[in-house]
Trainee: 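Below is a structure I'd like to ask you about.
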Amino acid sequence: MLDNGFPLATESNILKELIKPPTILRSVVNTITGSSNVGDQLPTGQLSVVPWRRTGVKYTNNEAYFDVIEEIDAIIDKSGCTVAAEIQGVIDACVKLSGMPDLTLSFMNPRLLDDVSFHPCVRFKRWESERILSFIPPDGNFRLLSYHVSAQNLVAIPVYVKHGISFREGSSSGRFEVTLGPKQSMGKSVEGVTLTGQMPKGVLNMTLTPSQGTYVFDPVTKLLSWEVGKINPQKLPSLKGTMILQAGCSKPDENPTLNLNFKIQQLAISGLKVNRLDMYGEKYKPFKGIKYMTKAGKFQVRT
C-alpha cells in the first residue's frame, strides 16, 4: 500500500485487516448486499509505533512456532567434487501471543549467517552489536529473516550419486547405472528423493530396474524421472539397465546432467541452531516450538 508514492503498509497481516481476503461466503454476501471486502476501520496498529501489530490481541492458547528452512543449491562434477554450493535459508514464524510481547531469539552460532535480510520488526542495532534477534512480532504468520551461507567449506553435501552412464560408438545400446546414498546427513534420514535427467536426443527408450521406487521415461521429451522415496543407508537405492539408441546415430556429445530433489527433517544443513527464545513484557508462559528442515534447491550432478 502506497501513500503519495511511498510504501506505507507492507505487512500482510495489516493489509488483510484493511482488505479482507476473499472467501466464497464473503463474495456471496457482497453480491447480495453490494458491499466490498474493504474494512470499515483503519487497522488499530497502523498509527502506533508498532505498525505491524494490531492492539488488543487475545488468545486462549499462547504459542510461538519457528521454522528454520534451508535450501541447498549445488553443482557436483563427474568425480563427485563440489563445483559450487550455497545455502539459502529462511526463518518463518507463526506467533499467536496475547498482548504486546517482546521476544528475543538467540543462536548457538550466529556468525554462520551471511547477507541477512530482516522483517521490519527486528531491532537491527541489537543484532549488529550482540547477534541477537530482538523484536515485537506481528500477529500470525510472517517471515522473520532470510539469509545466505555461501562459504563452500560450510556447505555440507547430504547425498552422493554414483553413476556409470556410457554410450558405445556405433552400438545401438548404452549402459545406465545410478546409485544414491547419504553423506554428511548428521544421522538424519534423507526423504522424498526424486532424480530426473534429460537424456540425449538419440535415446529411443530405456529398460531399467529400480531397487526401490518407480521410474518413468518419456520417449518424446526424453525425460527420465525416478521417484526414490526414503534412502535406507543399509540398502542403497539403485537404478540399472540399458538404453536403446537410434540406429546409425552418432554417439551423444555429452552425458546427461542429473537433478536431485530431497528433504531432510529436523536438520539445518548449515549447522545453524537456535539457542533460546525468551519473552518479556507479558506474564503468561507461552508454548514454544522450533522445527528445522533442509531441502534441495537446484541440485545438479554432472555425469
Side-chain angles (χ1 to χ4, degrees), residues 65-92 94 112 149 152 154-165 175-199 206-218 221-243 255-274 289-303:
Y65 298 109
F66 293 87
D67 290 349
V68 180
I69 302 165
E70 296 192 337
E71 269 196 13
I72 176 165
D73 296 338
I75 297 173
I76 312 294
D77 71 7
K78 207 169 180 163
S79 58
C81 298
T82 307
V83 177
E86 61 176 28
I87 294 167
Q88 313 280 352
V90 297
I91 298 182
D92 284 335
C94 174
L112 281 176
V149 179
Q152 291 255 316
L154 291 176
V155 181
I157 303 293
V159 287
Y160 69 83
V161 180
K162 267 190 185 157
H163 46 76
I165 301 174
R175 196 170 63 88
F176 185 94
E177 231 174 86
V178 168
T179 306
L180 304 176
K183 168 181 145 186
Q184 297 178 303
S185 61
M186 329 296 175
K188 308 284 184 199
S189 58
V190 184
E191 307 166 359
V193 182
T194 26
L195 179 134
T196 55
Q198 186 69 49
M199 293 297 131
M206 300 179 85
T207 312
L208 306 171
T209 310
S211 68
Q212 77 173 64
T214 54
Y215 84 95
V216 176
F217 176 69
D218 186 332
T221 58
K222 314 290 182 200
L223 191 69
L224 168 71
S225 176
W226 176 28
E227 298 269 349
V228 184
K230 190 173 170 176
I231 295 181
N232 175 4
Q234 272 69 52
K235 189 174 176 290
L236 298 177
S238 65
L239 183 65
K240 295 176 182 175
T242 55
M243 299 178 274
N255 275 5
T257 300
L258 304 174
N259 293 305
L260 261 186
N261 214 332
F262 56 82
K263 60 173 187 275
I264 306 167
Q265 302 285 1
Q266 291 310 323
L267 171 72
I269 199 77
S270 66
L272 183 71
K273 274 207 165 59
V274 171
I290 307 229
K291 207 166 78 189
Y292 300 91
M293 187 164 101
T294 296
K295 49 187 185 180
K298 292 189 177 75
F299 196 98
Q300 287 194 342
V301 180
R302 295 170 179 169
T303 64

Trainee: What verdict does the side-chain contact (heavy atoms from CB on, under 4.5 Å) test give for Leu258 and Thr196, after you've listed the backbone C-alpha separation in whole Å, the side-chain angles of each residue and the deciding distance to 0.1 Å?
Mentor: CA-CA 6 Å; Leu258 304 174; Thr196 55; over 6 Å; no
Trainee: Does the side chain of Pro256 reach to within under 4.5 Å of the side chain of Met199, using non-hydrogen atoms?
Mentor: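 Side-chain contact under 4.5 Å: yes.
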Trainee: Would you give the length of the straight line joining atom CD of Glu86 to atom NZ of Lys298, rounded to the nearest 0.5 angstrom?
Mentor: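 NZ of Lys298 is found 9.5 Å from CD of Glu86.
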Trainee: I need the minimum non-hydrogen distance between Val190 and Pro182, along with the two atoms involved.
Mentor: CG2-CB, 4.3 Å
Trainee: Just verifying a value: how many Å separate Ser79 OG and Arg302 CZ, rounded to the nearest 0.5 Å?
Mentor: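 Between Ser79 OG and Arg302 CZ, I get 11.0 Å after rounding to 0.5 Å.
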Trainee: Only counting residues at least two apart or in another chain, list the ones meeting side-chain hydrogen bond (donor to acceptor under 3.5 Å, both in side chains) with Thr221.
Mentor: Asp218
Trainee: With a 4.5 Å heavy-atom cut-off, do Lys188 and Thr294 have their side chains touching?
Mentor: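 They are not in contact (no side-chain heavy atoms under 4.5 Å apart), so the answer is no.
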Trainee: Do Leu195 and Val178 make a side-chain contact, defined as non-hydrogen atoms from C-beta onward lying under 4.5 Å apart?
Mentor: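 Yes, side chains in contact.
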Trainee: In the structure I gave you, are the side-chain heavy atoms of Lys291 and Val68 within less than 4.5 Å of one another anywhere?
Mentor: no
Trainee: With a cut-off of 3.5 Å and sequence neighbours excluded, list every side-chain donor-acceptor pair involving residues 224-240.
Mentor:
residue : atom : partner : partner atom : Å
Trp226  : NE1  : Gln212  : O            : 3.1
Asn232  : OD1  : Gln234  : N            : 3.0

Trainee: As an exercise, state the distance from CD1 of Ile69 to CD of Gln88, rounded to the nearest 0.5 Å.
Mentor: 13.5 Å
Trainee: Tell me the closest heavy-atom pair linking Gln300 and Asn259, and the distance in Å.
Mentor: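 Scanning both residues, the minimum pair turns out to be CG-OD1, 3.1 Å.
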Trainee: Does Lys183 NZ have over 12 foreign heavy atoms under 6.0 Å away?
Mentor: yes
Trainee: Within a radius of less than 6.0 Å around NZ of Lys295, do more than 12 heavy atoms belonging to other residues, nucleotides or ligands occur?
Mentor: no
Trainee: To the nearest 0.5 angstrom, please state how far the CD atom of Gln198 sits from the OG1 atom of Thr257.
Mentor: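 That separation rounds to 10.0 Å.
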Trainee: With a 4.5 Å limit on heavy-atom distance, are the side chains of Thr82 and Ile157 in contact?
Mentor: yes
Trainee: For residues Val155 and Ala85, report the shortest heavy-atom separation together with the two atoms involved.
Mentor: CG1-CB, 3.7 Å
Trainee: So how far is it from Ile290 CD1 to Ile91 CD1, rounded to the nearest 0.5 Å?
Mentor: 8.0 Å
Trainee: Under 4.5 Å between any side-chain heavy atoms of Phe176 and Leu208, yes or no?
Mentor: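 Contact flag for Phe176/Leu208 side chains = yes.
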Trainee: Is there side-chain contact between Val301 and Tyr160, with at least one heavy-atom pair below 4.5 Å?
Mentor: no
Trainee: Check for a donor-acceptor pair, side chain of Asp92 on one end and backbone N or O of Asp67 on the other, with a separation under 3.5 Å.
Mentor: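 Looks like no, no N/O pair under 3.5 Å.
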Trainee: Are Leu260 and Thr194 side-chain neighbours, meaning at least one heavy-atom pair lies under 4.5 Å?
Mentor: no
Trainee: Let me have the donor-acceptor pairs involving side chains of residues 261-273, under 3.5 Å, with sequence neighbours excluded, atom names and distances please.
Mentor:
residue : atom : partner : partner atom : Å
Ser270  : OG   : Glu70   : OE1          : 3.2
Ser270  : OG   : Glu70   : OE2          : 2.7
Ser270  : OG   : Leu272  : N            : 3.3

